[in-house]
Amino acid sequence: MSKTYDHHAIEAKWQAYWEEQRPFRALDDPGKPKFYCLDMFPYPSGSGLHVGHLEGYTATDIVSRYKRMRGFNVLHPMGWDAFGLPAEQYAVKTGIHPAITTAQNIATFKRQMKRVGLSYDWDREISTTDPDYYRWTQWIFLQLFKRGLAYVAEVPVNWCPSLGTVLANEEIVDGKSEVGGFDVIRKPMRQWVLKITAYADRLLDDLSLVEWPPSTLEMQKNWIGRSIGAEVEFGIAGMNGTIRIFTTRPDTLFGATYMVLAPEHPLVEVVTTAEQRQAVTAYREAAARKSDLQRQELDKEKTGCFTGGYAVNPVNGEKLPIWIADYVLMGYGTGAIMAVPAHDARDWAFAKTYSLPIREVIAGGNVDKEAFVETAKGLVVNSTTPDGGFSIDGLAPVAAIPKITDWLESKGKGRKAVNYKLRDWLFARQRYWGEPFPIVWVEGEARPLPEEQLPLTLPETSNFKPSGSGESPLANLEDWLVTMEPLSGKPARRETNTMPQWAGSCWYYLRFIDPNNSAQLVDPAKERYWMPVDLYIGGSEHAVLHLLYSRFWHKVLFDIGVVSTPEPFKKLVHQGIVLGEDNQKMSKSRGNVVNPDEMMDQFGADAVRLYEMFMGPLEAMKPWSTRGVEGVTRFLERVWRLMVNEEGRLSGAVVSSAPGLEHQRLLHQTIKKVTEDIEHLRFNTAISQMMVFTNEMTKAEQRSRALIEPFVLLLSPFAPHLAEELWGILGHRPSVSQQPWPVFDPALTVSDRLTIPVQINGKLRGKIEVGTDAAREQVESLARAQAAEWLQGKEPRKVVYVEKKLINFVI
RNA sequence: GCGAGAGUGGCGGAACUGGCAGACGCGCGAGACUUAGGAUCUCGUGGGUAACCGUGGGGGUUCGAGUCCCCCCUCUCGCACCA
């Protein structure tokens, strides 16, 4: 019985060694360059890790191991985003406390991660559900509250009767709850809201400071949605008061032919005439009944209703009919618009439906056929005040916009204005399993708890059912609920909302730096050393919300001096989605879910790691292939046999004598390629180069240590267990992870012979081999001989010679 | 509709700033060693008998295009009446 590569024994052996020696601890050593390598920490679900998690985790693990070998002090931590709805719903069903299920799930995740050989510094493990952690989540909330960035508002929220909770917009898909698919209705409720809009400009502008995927930057920009324009005051005919509108196109002000208010706009009451009241009321009620889903239907006909009232255009005194229509949203701008059908597609469609006039004020299109909306083309026309005192005629829109804005301002009729799509952040959930707010209510007023009384812990209970009133299950717990205000001693009632899951994940990267600090969120010196996160890898599903909310909190912490960098995450990469073998999204119902434990049982952790990286580019969506795992397993076995004989001892083929030049070149090319590929996260091509190296060495009868040993080091971030074992068999003491990374000699990465392709009219007709120092004349004459058949003795019209690359005869 | 990204063998994917298309792996074929092989090793493998043709389709620039420019098609992701 020959001893072959036994991944079970080898992986168990080295995992036990790492457990005992803990070589991956990050020490706060300011003398060493640091590298902070972070994964998006998971919600520990009941189903355990899936192969998609593993892709990102393996990538950061390879980078971390590589950076350590390059002499960096690497912070590579892991923790748990463990508050959240699933554990609570499970508790409602079974009565099992969420803390228990959460602990079990964490144990599963951790076991699996260790089994993959991920080199986390487990001494820094954190969970958002730990009172020592959420104490500081609550502390940050208090800072927000003190700075006026957290306020209470009566907001119509997405109330889901089945879940007994309010959902954020992002938790609703197609009008149904994301979890469970239940109906959602609008209901006004008292809510905590965070004033993220106060940071809109900085959140937008500071995107220039980070190295993120272009799509993610774009999504954040669109989400913030800054648009610059003007606010303009329109008088109301026959009465006092004005309608204030926002427009990005003040240059089209002379083209306004009607006004539209959102159905919910407070001025609707004021401008509606007696004759129109009945119709207006009916329309408003119909609009209110429409669900969000219905209002979002796009290509539907635009509807509206005339109010009977008129507004006065401040530039020309024209009377404009005031309509209401649900295509104008109360939540954006001022909830009112001037309608310029000639130059806005929505207004154009509305005007056509209700036969309202369309007046061209930017020449260049055909406004009878469609709205002409391009600002880059066309010139302003028909835009002079009746008295002739002001005109923007003949200007390009870009020039007209500032001119008319200034004029409006000078007349007190308007001003430059900026609007954002971004809304303040609804920061409350009617749930048990979340961070309690450190707030008590005294005589209808919110009072913060003193910081030294934190954490305010979740009360013990066995009843997780919603209170039914819309308040969280905490409202059922009298003993906890009824308290007194610490300072005044007045009777008080605790806030029953809890924080959304985003809260804990907003700042966890800071706590990893100093996880056990009981006096501060993070020690400032440590923070300055470790921040920012150098590499952050996680799914693109967090491209907007988590990453925007984190950035917001980070900037607040920056303003109060807790952190030293304006942005938390310098470089961000999203791993791609791993599809099932059938090229479909993995799902239980399709039965195509790949279980990492089963894969590791069969092929071992190193093979699974390697395959995860070999599948294709990190960021691409790609299907799983168990055959592919077999392929990389064969590669690992070949590596094993390269240096281990059938008795499991060092192979006789491994020799101490110096390697041949060609083999040395191959080694140095491999070092170069693997090094550069890891730096650029191109793991698939790094692995393919190691395969090339292995294939070559397999052919060699004698394998010099000077080749084999550096190769084991190159392999070690990818297949750390195997590399440790081979390092031992080669006669070295552990650990391979503490060896310096091999360096390449640039002179040895190039060959002294070159193959030059010979082309005729750009078509490949032959190849010649020359020395690297061959002169042009020499190359050309060899090439002419090579291509004689094609040249037929004629002199080419032109000879293109690219040094060391190619020669092309044009005939 | 708008924005971002991507289309390369039977499959996953390589190809640096324009310069040998298809590295590496899977699959497939042949052979070797074997009592045996779904192990291992070696060789072959884009299409076509060939001239030639080939990187989603059509134009263009260039001595030369997967790569650059224009038009079109398809797919993925995000946004979705944001004035």
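Nothing here was measured: the structure is a model prediction, and the numbers come from that model.
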Value in whole Å for how far the C1' atom of B:rA83 lies from CH2 of A:W348
18 Å
Quick one, A:T633 with A:Y5, criterion side chain to side chain donor-acceptor pair (under 3.5 Å). Give me CA distance, side-chain angles, the key distance, then yes/no.
CA-CA 10 Å; A:T633 304; A:Y5 165 53; over 6 Å; no
Whole angstrom is fine here: how far is it from CH2 in A:W323 over to P in B:rA83?
23 Å
Expected rows: protein N/O vs nucleotides 65-74 of chain B N/O, under 3.5 Å:
none

Roughly how far apart, to the nearest Å, are B:rG47 and B:rG9 at atom C1'?
9 Å
When both hydrogen-bonding distances must be under 3.5 Å and the geometry is Watson-Crick or G-U wobble, what is B:rG7 paired with, if anything?
B:rC73
Among B:rA4, B:rC52, B:rC63, find the nucleotide with the atom closest to the side chain of A:K798.
B:rC63
Ion pair present between A:R590 and A:E581, side-chain N to carboxylate O less than 4.0 angstrom?
no
Without swapping roles, check the side chain of A:Y258 against the backbone of A:D347 for a donor-acceptor pair under 3.5 Å.
yes
With both distances kept under 3.5 Å, what pairs with B:rC68, Watson-Crick or G-U wobble?
B:rG60
Rounded to whole Å, how long is the line connecting atom CG of A:L754 with atom C1' of B:rC20?
13 Å
From the options B:rC81, B:rG3, B:rC53, select the nucleotide whose nearest atom is closest to the side chain of A:Y327.
B:rC81
Identify, between A:G762 and A:T334, the residue whose nearest nucleotide on RNA chain B lies closer to the 5' end.
A:G762
Verify the distance criterion only: is there a donor paired with an acceptor across the side chains of A:Y283 and A:T307 at less than 3.5 Å?
no
Measure up the A:W425 and A:Y549 rings against each other and bin them: parallel (under 30°), tilted (30 to 60°), perpendicular (over 60°).
parallel
Under 3.5 Å, is there any donor-acceptor pair linking the side chain of A:K767 to the base of B:rC20?
yes
Which nucleotide, in any strand shown, forms a Watson-Crick or G-U wobble pair with B:rC33, with both distances under 3.5 Å?
none
Do the side-chain N and O atoms of A:Y420 and A:D201 include a donor-acceptor pair separated by under 3.5 angstrom?
yes
Heavy atoms under 4.0 Å, any strand shown: does A:S625 hit a base, just sugar-phosphate, or nothing?
nothing
Flag for A:T670-A:Q689: side-chain donor and acceptor within less than 3.5 Å
yes
Rounded to the nearest angstrom, tell me the gap between atom NZ in A:K421 and atom C1' in B:rG78.
11 Å
Identify the nucleotide, in any strand shown, that forms a Watson-Crick or G-U wobble pair with B:rG78, with both distances under 3.5 Å; if there is none, say none.
B:rC2
According to the Watson-Crick and G-U wobble definitions, with both distances under 3.5 Å, which nucleotide is paired to B:rA51?
none
Taking syn as within 90° of 0 and anti otherwise, name the glycosidic form of B:rG18.
anti
Nearest-angstrom distance, P atom, B:rG64 to B:rG54
15 Å
Using the C1' atoms only, state how far B:rC70 lies from B:rG10, rounded to an integer number of Å.
34 Å
Taking the minimum atom-to-atom distance to the side chain of A:V800, which one of B:rC52, B:rC63, B:rA83 wins?
B:rC63
Could you give the CE-to-P distance, from A:M219 to B:rG78, as a whole number of Å?
7 Å
Salt bridge flag under 4.0 Å for residues A:E696 and A:K699:
yes
Test: A:K302 cationic atom under 6.0 Å from A:F350 six-membered ring centre, within 45° of axis:
no
Is it true that the side chains of A:R226 and A:N419 contain a donor and an acceptor less than 3.5 Å apart?
no
Grab the CG-P distance between A:L545 and B:rC79 for me, whole Å please.
9 Å
Using atom C1' of each nucleotide, how far apart are B:rG46 and B:rA21 to the nearest Å?
10 Å
What integer number of Å spans the P atoms of B:rU67 and B:rA15?
15 Å
Could you check whether A:R784 pairs with A:E795 (Lys NZ or Arg NE/NH1/NH2 to Asp/Glu carboxylate O, under 4.0 Å)?
yes
Could you measure between the two P atoms, the one in B:rU42 and the one in B:rC33, and give it in whole Å?
15 Å
Answer with base, sugar-phosphate or nothing: what part of the nucleic acid does A:G631 contact at a heavy-atom distance below 4.0 Å?
sugar-phosphate
Measuring from the side chain of A:M691 (C-beta onward, heavy atoms only), which nucleotide among B:rC24, B:rA83, B:rC63 has the closest atom?
B:rC24
Minimal non-hydrogen separation, A:F234 against A:A311, with atom names
CB-CB, 4.2 Å
Output yes when A:E612 and A:R609 qualify as a salt bridge under the 4.0 Å nitrogen-oxygen rule, no when they do not.
no
Classify A:K221 by what it touches in the nucleic acid, base, sugar-phosphate, or nothing, heavy-atom distance under 4.0 Å.
nothing
Got a list of protein N/O to nucleotides 9-16 of chain B N/O distances below 3.5 Å?
{"from": "B:rG12", "atom 1": "O2'", "to": "A:M615", "atom 2": "O", "distance (Å)": "2.6"}
{"from": "B:rA14", "atom 1": "OP1", "to": "A:N684", "atom 2": "ND2", "distance (Å)": "3.0"}

Integer-rounded Å distance: B:rG25 P and A:Q689 CD
11 Å
Considering only atom C1', compute the distance from B:rA65 to B:rU55 and round it to an integer number of Å.
11 Å
When you match A:R423 and A:N808 each to their closest nucleotide on RNA chain B, which lands nearer the 5' end?
A:N808
Dump every N/O contact between nucleotides 40-51 of chain B and the protein below 3.5 Å, one line per pair.
{"from": "B:rU40", "atom 1": "O3'", "to": "A:R641", "atom 2": "NH2", "distance (Å)": "2.8"}
{"from": "B:rC41", "atom 1": "OP1", "to": "A:R638", "atom 2": "NH1", "distance (Å)": "3.0"}
{"from": "B:rC41", "atom 1": "OP1", "to": "A:R641", "atom 2": "NH2", "distance (Å)": "2.9"}

Length of the line joining A:Q759:CD and B:rU62:P, which is rounded to integer Å
17 Å
Would you mind classifying the nucleic acid contact of A:S227 as base, sugar-phosphate or nothing, using non-hydrogen atoms under 4.0 angstrom?
sugar-phosphate
Nucleotide forming a Watson-Crick or wobble pair with B:rU17, both distances under 3.5 Å:
none
Taking the C1' atom in each of B:rG58 and B:rC11, what is the distance between them to the nearest angstrom?
29 Å
Assess whether a salt bridge exists between A:E662 and A:R665, defined as any Lys/Arg side-chain N lying under 4.0 Å from an Asp/Glu carboxylate O.
yes
Looking only at heavy atoms, the pair that brings A:P314 and A:K413 closest together is CB-CD, 4.0 Å
